[in-house]
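What follows is a short report on a single structure.
One-based numbering along the sequence shown.
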Amino acid sequence: MAAGDLARSFQDEATCPMCLEFFTDPVSIECGHNYCRACLSQCWGESEPKFSCPQCRVTILQRHLRPNYQLGNLVELVKCLRPPAGPVPEGQPGCKRHQEALKLFCQEDQAPICVVCDRSREHRAHTVVPIEEAAQEYKEKLQGALGLLREQLEEALGLRSEEEEKTAEWQRTVQAKREMIAGEFNKLHTLLREEEQLLLQRLAEEERETLQRLQENVTKLSQQSASLQQLIAEIEGKCQQLVAELLKDVKSTLSRSENMKLQGPEAICTDLQRGYKICLDLREALNRFAVDMTLDPDTANPWLVLSEDRKRVRDGDTRQDLPDNPERFDTSVCVLGAEGVTGGRRYWEVEVGDKTDWDLGICRESVSRKGEVTYTPENGYWVVLLRDGEYEAGTSPLLPLPVSARPSRVGVFLDYEAGKVSFYNVTDRSHLFTFTGTFSGMLCPFFSPGLDDGANTAPLTICPAPAHAGGNGGTMSWDSSPAALGGGIAGAAPCGVSGRGLHCTP
């Protein structure tokens, strides 16, 4: 037997089977097995009625511990046979049990061990590799985890930036809506103060709720970013440590890095969800300026068919043989109201029903009636239109209009002196849009029923004015122009109608 194997056999015989250390004060029991006195006393306790050998499980009738002095002497001799401890590098911890250098790494226990630990029963059946080899393997794994964590951190910071920008945009949207509401109600506070406060409260609630959810997204992403930064710093620090410290709890560190999964922000709609409707009192106020309007047949495109009472207009199947007088639109399928406006305030409502295409508003009486029509205020048109299910203001470029409910009736309010024309969704009593400018000369109500494509056959119908309507203005000043939504009357790419089809002028 080799000397090393012989020394290892002596060490095994001098080792307590319970604590796996050299015997301390060894004692023998009836079955012949030996243990440290303290280990056996701790195993049996003080008041157990029966005892058994921890190894062979034989019942011990008498609790009589016989000191084994020979075994104790053997233990001292074996300790002398143990090879001298290897030098422990300066600054590197050694084995606390055997005061030797930690040169090996136990895969099962995930701990550095010395060569003596490797020979013990505790590690005999375990997979053991050189400590440098283990350190290199786990360092590569840590570097891989570090790359993934850095990618997640970059993504988290990007998402947080997007959420912060979304938050700022949401606040701008809310501010614009707040200004619109305040502008709508400022001149009508005596009639609509309670309604104004209700709408502002609803807006504040929606703002608070949505901002809270947006801020929660930002907070969660900030927390994830902080956690990722902390774990990255921990791993970077661990990679700089000495091998023994680097391998300490390394599996736990890797496990935490693998379980660190970035959670994206909750999808939050930043469109205003609630309807900010103007109550019926506002419509009653507008009706004070309602006029009993009719259509002017001398301006109607030859394809248009007007009712006998000149209250309805639709696109016909054939072109009528009508005189080409200067007032008539010859290309665009539109018609003007018979009553022009040179001052004061006017309000009228038009039934649009389920039509898929229409244009409504005002225009200067002096606009050209021949050739293509381009709807912009610069060309003398202040129009709101419906195209392909989208509601738009005829600015340049076209401005999409948010609509909470499909309007079956549209109200148009003209305040000549204020230079404002406002459009309302009568169906849900909400504001659609307000143009702001400077008017001069005569203005005429403008109508286009759109082309009949099989789904747009219904006519536009001018609704009768209420019996109590004033009709010519009055002394009440009413501002229907939200500054945030009014403007927009310059640019290019307006829409209009040409011939028998729609067109967009580039």
Do [X] and [Y] have side-chain heavy atoms sitting under 4.5 Å apart?
X    : Y    : answer
T374 : N379 : yes
V373 : Y381 : yes
D428 : S404 : yes
T127 : C106 : no
C95  : C117 : yes
Q55  : Y35  : yes
Q136 : E140 : yes

Q263, CD: over 12 other non-hydrogen atoms inside 6.0 angstrom: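 No.
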
Do other residues, nucleotides or ligands put more than 12 heavy atoms under 6.0 Å from E108 CD?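 Yes.
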
Roughly how far, to the nearest 0.5 Å, is the [atom2] atom of [Y] from the [atom1] atom of [X]?
X    : Y    : atom1 : atom2 : result
L200 : E205 : CG    : CD    : 11.5 Å
T167 : E164 : OG1   : CD    : 7.5 Å
L221 : L228 : CG    : CG    : 10.5 Å
Q230 : M260 : CD    : CE    : 8.0 Å

Could you verify whether a donor N or O on one side chain and an acceptor N or O on the other, from S408 and T427, lie under 3.5 Å apart?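 Yes, side-chain donor-acceptor contact under 3.5 Å.
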
Give a yes-or-no answer on whether the side chains of N68 and S28 include a donor-acceptor pair shorter than 3.5 Å.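 There is such a pair (donor and acceptor under 3.5 Å, judged by atom type) between the side chains of N68 and S28.
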
Under the side chain to side chain contact (heavy atoms under 4.5 Å, CB included) test, which residues partner [X], sequence neighbours left out?
X    : answer
V128 : L104, I113, D118
T219 : Q215, Q223
S225 : L153, A156, L157

Side chains of residues 243-256: which donor-acceptor pairs under 3.5 Å do they make with residues two or more places apart or in other chains?
unit_1 : atom_1 : unit_2 : atom_2 : d
T253   : OG1    : D249   : O      : 3.2
S255   : OG     : N259   : ND2    : 3.4
R256   : NH1    : E234   : OE1    : 3.4
R256   : NH2    : E234   : OE1    : 3.2
R256   : NH2    : E234   : OE2    : 2.4

Does the [X] side chain pair with the main chain of [Y], one donor and one acceptor, at a distance under 3.5 Å?
X    : Y    : value
Q152 : L262 : yes
R406 : D354 : yes
D109 : A111 : no

Test salt bridge (Lys or Arg N to Asp or Glu O under 4.0 Å) applied to [X] - qualifying residues, sequence neighbours left out:
X    : result
R172 : E165, E169
E154 : none
E266 : R213
K166 : E163

Using a strict threshold of under 4.0 Å (side-chain N to carboxylate O), is an ion pair present between E216 and K220?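 Here K220 does not pair with E216 in a salt bridge, since their nearest N and O are not under 4.0 Å apart.
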
Between E236 and R150, does any NZ, NE, NH1 or NH2 come within less than 4.0 Å of an OD or OE carboxylate oxygen?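 Salt bridge: yes.
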
Between [X] and [Y], what is the shortest heavy-atom contact and its length?
X    : Y    : answer
S448 : Y375 : CB-OH, 4.4 Å
S422 : T434 : OG-OG1, 2.8 Å
V352 : P407 : CG2-O, 3.3 Å

Applying side chain to side chain donor-acceptor pair (under 3.5 Å), can you list everything that pairs with [X], at least two apart in sequence or on another chain?
X    : answer
R409 : E349, E351
E30  : none
N456 : K355
Y138 : Q110

Angle between ring planes, F435 versus F423, binned at 30° and 60°: parallel, tilted or perpendicular?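 Ring orientation of F435 relative to F423: perpendicular.
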
Are W170 and L214 close enough, and set up right, to give a side-chain contact (heavy atoms from CB on, under 4.5 Å), and what steps lead you there? CA-CA 9 Å; W170 170 250; L214 288 168; 3.9 Å; yes

